[in-house]
Structures are given as C-alpha cells and as structure tokens.
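For ligands, and for the atoms within them, numbers begin at 1 and follow the listed sequence. What's counted below: heavy atoms across the whole structure, side chains too, no hydrogens, waters or symmetry copies.
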Amino acid sequence: MSVKSRRSLLLASGVLLAVAAVAVPVVVGTASAEPGSGNQARIVGGNQASLADHPYAVFLTDAGGNQFCGAVIVSSTAVATAAHCAKAVAKQDVRVVAGREDKRTEDGQVLGVSKVWISQGYSDPTQGDDVAVLTVRGQLDYRPAKLPDSGDAGLYAQGTQATVLGWGRIADGGARSDYLRSAEVPVVSDSECRSDYSVYDQKTMVCAGYREGGIDACQGDSGGPLVVGDTLIGIVSFGDGCGKAGKPGVYTRVSAYADDIKSQARTRTLFP
Ligand code: 4AZ
C-alpha cells in the first residue's frame with residue numbers, strides 16, 4: 001500500500017480514536033475554497049439543517065452520551081451506519097438518538113441496540129463493505145430514508161447534487177457541531193475518484209465533493225447519510241482529511257447493499 005493509502009487508513013480509524021476523546025465530525029466548509037459564492041458560503045459557519053427536512057438523520061452515542069457517529073433510519077426498527085462505527089463501541093453501550101437536532105437538548109428519543117449486523121467481508125473502511133445495520137430496542141418514531149432500487153442508478157452519475165448530514169467536526173481538527181449540519185456535494189466520477197484514492201473501489205464506494213475542496217463530511221459524520229431527495233445513496237465512510245482539494249469524501253455505495261439493508265430493516269427480535 002502506498003503512503004497515501006496508509007494515511008487514509010489512519011484517518012479512517014480516526015472515529016475510533018474520537019470515541020475515546022469524544023466524537024468528532026461534522027460538515028466542513030471554508031470560504032476560500034468554496035465554489036461560487038452566495039448561499040454556499042453559509043456552510044462555512046455551519047449550515048444548520050432541520051430534522052423536519054431530514055427526520056431520518058440520527059446520531060450514535062456511547063454509554064456516556066458522547067456522540068461518536070451518525071446513522072440513518074431505514075425502518076421503524078433499524079438504522080444503517082458505517083461498519084467502522086458499529087465496531088467502535090460495544091453493542092450494549094451504543095445508543096441511537098433520533099429527533100434531536102441539538103445535542104445539548106433532551107429532544108427526541110434514545111434507544112438501545114438489540115442486534116448488530118455488519119457487512120460480511122468488512123475489515124477496514126478503505127477495503128469497502130463499510131456498512132452496518134443496528135436493530136433498536138423499541139420503535140423509532142421518525143420517517144425512514146428510502147433505499148435505492150434498480151431505477152435509481154442514475155443518482156450515482158457524476159455531478160448529481162447530494163446532501164450529506166451530520167453532527168461531526170466543522171473543520172479538519174476543529175470542534176464538533178452541537179447542531180445537525182448539511183452540505184450539498186456533487187457525486188464524483190469513478191475515474192476521478194480512482195485517481196484521487198488508490199484504494200477506491202467503484203463497486204462498494206462512491207465519492208462526492210468539489211475538486212477544489214472546501215465542502216465535505218468530516219470526523220464524527222461517519223455513518224451518516226448522503227441523500228438525493230429522501231433516497232439514501234451513501235454512508236459517510238472515510239477520506240484524506242476534510243475538504244482538501246482533490247480529496248473528496250468517500251461513501252459506502254448503498255445500492256450495493258440495499259437488499260442486505262432491507263432484510264435487516266425487517267428484523268424483529270422477539271426477546272431483545
Ligand atoms: C472520519 O474520520 C472521516 N472527509 C469521515 C469523513 C471524512 C474524513 C474522515 C471525509 O470519520
């Protein structure tokens with residue numbers, strides 16, 4: 001593996017470290033690097049997003065209440081997240097927090113986890129298969145995201161504008177966000193992402209971001225949704241830093257796992 005690949009690997013394991021430190025990510029933006037101007041600039045200070053628009057966006061905390069990852073509601077009993085998030089904290093210590101835009105409040109609901117499914121073959125975010133489904137104890141009261149079907153292949157076309165959501169860092173190495181944030185990022189072509197990341201695998205990953213950087217997911221956003229409308233096309237997985245030119249965010253390609261996620265979303269545990 002190249003030095004760069006190893007660097008990505010280290011970065012990808014940042015979330016695990018972040019759990020110990022206190023979660024990280026969120027959506028990043030720097031004024032200088034922003035394409036165009038106008039409303040894009042609002043992401044800089046943190047483009048606050050509304051759960052009324054994205055009710056399926058949830059976050060994960062450890063037993064101490066520290067947010068360490070994002071996740072996305074896929075049914076009344078399940079959330080999808082990144083495999084590296086599901087492995088970061090023991091099942092009995094994970095809490096799913098839904099309906100809470102501002103981490104400092106007690107809004108919404110906090111549910112434990114009765115079952116963890118991790119994609120077979122997962123070893124590290126840079127190797128793909130970075131997806132997991134958590135079955136919750138009880139019922140989620142918020143609307144799920146839609147999963148892509150065969151008719152949604154076009155959503156992965158280069159230039160499709162997608163929305164990434166999270167409570168992670170608002171700058172590389174910066175502070176976590178208390179509020180849900182969102183950013184609009186275009187899908188990057190497979191050929192471009194392959195030249196940006198030697199580890200890129202177009203079957204299991206999809207990239208999104210601007211060539212010039214500036215708008216991106218960051219540590220703590222891992223596991224959270226990349227949507228087009230209400231359709232989940234990606235799950236925040238890894239990247240070389242946040243918002244760096246030529247280093248778009250890498251997401252789990254949800255279409256490759258939609259059947260697995262759907263079957264897990266139907267899971268009912270009799271004695272959770
Ligand atoms: C992380 O460490 C992470 N810029 C998540 C997303 C990105 C980079 C790092 C994408 O969780």
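- Residues meeting the side chain to side chain donor-acceptor pair (under 3.5 Å) test with Asp149, sequence neighbours left out: none.
- Residue contacts with ligand 1: Ser222 is placed with a nitrogen or oxygen under 3.5 Å of a nitrogen or oxygen of the ligand (distance criterion only).
- Put simply, the side chain of Lys91 never gets that close to the backbone of Val116: no donor and acceptor are under 3.5 Å apart.
- For Asp230, the side-chain contact (heavy atoms from CB on, under 4.5 Å) partners are Tyr56, Arg143, Lys146, not counting sequence neighbours.
- Close approach of ligand 1 to Val236 (heavy-atom distance below 4.0 Å) involves ligand atoms 5 (C), 6 (C).
- In this structure a side-chain-to-backbone donor-acceptor pair under 3.5 Å is missing from Thr204 to Arg253.
- For Asp216, a nitrogen or oxygen atom sits less than 3.5 Å from a nitrogen or oxygen atom of ligand 1, counting backbone and side chain alike.
- Short contacts between ligand 1 and Cys242, defined as distances under 4.0 Å to a heavy atom of the residue, involve ligand atoms 4 (N).
- For Gly241, a nitrogen or oxygen atom sits less than 3.5 Å from a nitrogen or oxygen atom of ligand 1, counting backbone and side chain alike.
- For a threshold of 3.5 Å applied to N or O pairs, the pair formed by Ala217 and ligand 1 contains at least one separation below that value.
- Distance check: Ile235 CD1 to Asp130 CG gives 8.0 Å after rounding to the nearest 0.5 Å.
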